[in-house]
Amino acid sequence: MADLVQEFNDYRQKMNEKLLADDNKVIKRIFNLDTNAYMEGALDVKTKELLGLVASAVLRCDDCVKYHLETSYKEGLTKAEVMEALSIATLVGGTIVIPHLRRAYEFWEALEDSASV
């Protein structure tokens, strides 16, 4: 399952490099805004990651969910904290979020597996 995490990160890095190499000012600014939005501020990084995770799940963006799951994991959030946030996302987004919830759970398990290897 750890391959799931590595495949996601490899693809994300490869495509981000290609997008940024294209030298589009708007895309570069959006990437920078995204990076800066999740930095420590009035809200701590963990809270911001959970907010991003919930919004991403409700919007049904699996890539975004994976990104926020991995960052949450690296920030030391617990499985219980993440699952509680995802339960709120499912409540807000409705049953259409359930397939994304399944993939999020699978990805969290892959993150745990990759740490134990």
Side-chain angles (χ1 to χ4, degrees):
M1 266 237 249
D3 289 343
L4 189 63
V5 175
Q6 191 62 48
E7 287 172 16
F8 171 72
N9 285 322
D10 289 348
Y11 177 77
R12 184 174 178 275
Q13 181 179 348
K14 178 180 93 173
M15 294 312 298
N16 282 354
E17 287 171 2
K18 287 184 178 197
L19 286 166
L20 293 171
D22 204 31
D23 206 27
N24 181 295
K25 187 182 347 181
V26 174
I27 289 175
K28 284 185 174 186
R29 286 182 176 175
I30 290 170
F31 273 59
N32 184 265
L33 179 62
D34 182 68
T35 298
N36 287 323
Y38 288 95
M39 296 175 109
E40 190 84 22
L43 296 174
D44 62 30
V45 173
K46 289 180 179 182
T47 300
K48 288 183 175 187
E49 286 304 325
L50 289 175
L51 289 169
L53 176 61
V54 169
S56 297
V58 170
L59 292 169
R60 302 185 308 275
C61 176
D62 286 335
D63 276 10
C64 301
V65 167
K66 288 176 181 176
Y67 173 80
H68 289 293
L69 284 172
E70 186 167 12
T71 306
S72 294
Y73 187 82
K74 288 177 179 176
E75 286 293 322
L77 285 157
T78 66
K79 184 177 185 178
E81 290 169 323
V82 168
M83 289 301 123
E84 190 165 326
L86 286 169
S87 71
I88 298 298
T90 306
L91 174 67
V92 171
T95 57
I96 197 166
V97 174
I98 291 172
H100 305 277
L101 176 63
R102 289 183 192 116
R103 287 188 287 275
Y105 196 91
E106 176 185 34
F107 196 75
W108 186 266
E109 286 183 332
L111 288 167
E112 291 177 324
D113 289 347
S114 67
S116 64
V117 172

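Since the model is a prediction, treat every value here as computed from it, not as a measurement.
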So, Lys48 side chain and Met39 main chain: donor-acceptor pair closer than 3.5 Å or not? yes
Under a 3.5 Å threshold, yes or no: a donor from one side chain and an acceptor from the other, between Thr47 and Asp44? yes
In terms of hydrophobic clustering (I, L, V, M, F, W, Y; side-chain heavy atoms under 4.5 Å; direct or indirect links), are Ile88 and Leu50 co-clustered? no
Evaluation steps, salt bridge (charged side-chain N to carboxylate O under 4.0 Å, His left out), between Glu70 and Lys66: CA-CA 6 Å; Glu70 186 167 12; Lys66 288 176 181 176; over 6 Å; no
Report yes if some heavy atom in the side chain of Lys28 is under 4.5 Å from a heavy atom in the side chain of Leu20; otherwise report no. yes
Please check if the distance between the ring centroids of Phe8 and Tyr67 is under 6.0 Å. no
Of Leu33, Asp34, Ile27, the residue whose pairing with Phe31 passes side chain to side chain contact (heavy atoms under 4.5 Å, CB included): Ile27
Heavy atoms of other groups near Glu75 CD, more than 12 under 6.0 Å: yes
Sidechain-backbone polar pair: Thr71 side chain, His68 backbone, donor-acceptor under 3.5 Å: no
Hey, could you give me the CG/CD distance between Leu86 and Glu81, rounded to the nearest 0.5 Å? 12.0 Å
Report whether Leu69 and Leu101 are members of the same hydrophobic cluster (ILVMFWY, side-chain heavy atoms less than 4.5 Å apart, transitive linking). yes
In terms of the angle between their ring planes, are Trp108 and Tyr73 parallel, tilted or perpendicular, with boundaries placed at 30° and 60°? perpendicular
Backbone of Val26 reached by a side-chain donor or acceptor of Asn24 within 3.5 Å: yes
Examine distances only and state if a side-chain atom of Ser56 and a backbone atom of Leu53 form a donor-acceptor pair shorter than 3.5 Å. no
Where the side chain of Asn36 meets the backbone of Asn32, is there a donor-acceptor pair that is under 3.5 Å apart? yes
Side chains of Gln6 and Asp10: is there a donor and an acceptor less than 3.5 Å apart? yes
